[in-house]
Amino acid sequence: MTTLAANQELACDIFCAVVDNFGDIGVCWRLARQLHAEHGWRVRLFVDDLTVFHALCPDVDATLPRQEAMGIAIEHWREPAHAGDTLAIADVVIEAFACELPHAYIAAMARRDPKPVWINLEYLSGEDWVADFHMRPSPHPRYPLDKSFFFPGLGKGTGGVLKERDLDARRERFDANAWWREFVGIERPGGEHTVVSLFAYENPAVDALLAQWRDGDVPVVLLVPEGRISGAVARFFDVPNFIAGTTARAGALEAHALGFVEQTRFDELLWAADINFVRGEDSFVRAQWAMKPFVWHIYPQADDAHLPKLDAALAHYTRTLDPSAREAAARFWHAWNGVGVPDWADFWAHRREWERRAVKWAKELAGIGDLAGNLAAHVASRISR
Ligand code: TRH
């Protein structure tokens, strides 16, 4: 067991390799901020792609090798050699999503006395097996080091998901009227409208859905942050692009393109809408804390390995609903993920059930504790003061 002086601040190094999109650094950045702000840790974040990071935090300068933002030391991680030479090894080392630590760094971890607590933070999955593997130690084949596998999850016995202590209070204080003026440039739509936010990958189902909103009886206001689905939205409306500031109308559908906002303000989009289409990992989690109905575009994997994960999430989320609502959710989520054709009317007929469930589910999910808190508790059990 590692021993620290009672007043000594815990040092933590987080290593993040950006595979693609925003989720890898999105999760690591959120975790880094929370460990610092809520647990008082001194956090250093190694990231190999600062350009992607800059989109989430405009204060990050992609040209700098070393800098600080929001109290976090940020190192531009130039794999694979960088890091071992210059560094004092931290008390806690987190490798995110099985990114490989520099060999020199691992060798220095092995030399360190006391040994650091080494954690591999895995991707989120709602599947049952996750609880069995959460926090399992695995000895390093060459060095006298143990690595523990920390599994985020949606059920008991897992690491949970990230949630800041002040998140609910911020959501309750949210001024929707001011948000609409600031971000969309119009007054907040009245209750006769359905407001939809759409954050998704390229998706063959989007044309059918846009057509259903256009042809429906209820006016739909669609908010589309600039990104991978924007091209399809532009083609639907027959406009050259769907960059921030673009507005288009067809039938009952009115769509607004939004700029990509810094991560600390992303939740506001979810709070402003009646239903959120989200994707990947981090936005999927935020949609659950928003306590609004949502639809998940899961990150697609080879051999449809993502589909059991989609069904596992559905099983948690719809667990207490009656069978007709459960089946409607499964039909729609599957169609949004390439299996079938989406039927908005069929799905939205259950709106009130989704709304009630969204609130209850967020409470259930909070019951397993937040990821940063669970991680800090694990580390506290390994470090004596
Ligand atoms: O961007 P994602 O698809 O990310 C990932 C990665 O592809 C990763 O490799 C994969 O393994 C993982 O998904 C499952 O989706 P995600 O996780 O939702 O991350 C998006 C982040 O972008 C999230 O932190 C919210 C943030 N965001 C903003 O900060 N501002 C914005 O305007 C928008 C639309 C998103």
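Order of listing sets the numbers, starting from 1, for every ligand and every atom in it.
For ligand 1, the 4.0 Å heavy-atom shell takes in V19, D20, N21, F22, G23, D24, G26, L56, Y123, F199, Y201, P225, F260, V261, E262, Q263, F266, R279, G280, E281, D282, S283, Y299, ordered by chain and residue number.
For F347 and W354, the distance between ring centers is under 6.0 angstrom. Ring centroid separation for the pair F151 and W129 comes in under the 6.0 Å cut-off.
Residues passing the side chain to side chain donor-acceptor pair (under 3.5 Å) test with D175: none are found, sequence neighbours excluded. With sequence neighbours excluded, the residues that form a side chain to side chain donor-acceptor pair (under 3.5 Å) with E268 are R265. Checked against side chain to side chain donor-acceptor pair (under 3.5 Å), D303 has no partners two or more places apart in sequence or in another chain.
The environment of CG in D238 is sparse: at most 12 heavy-atom neighbours from other residues, nucleotides or ligands sit within 6.0 Å.
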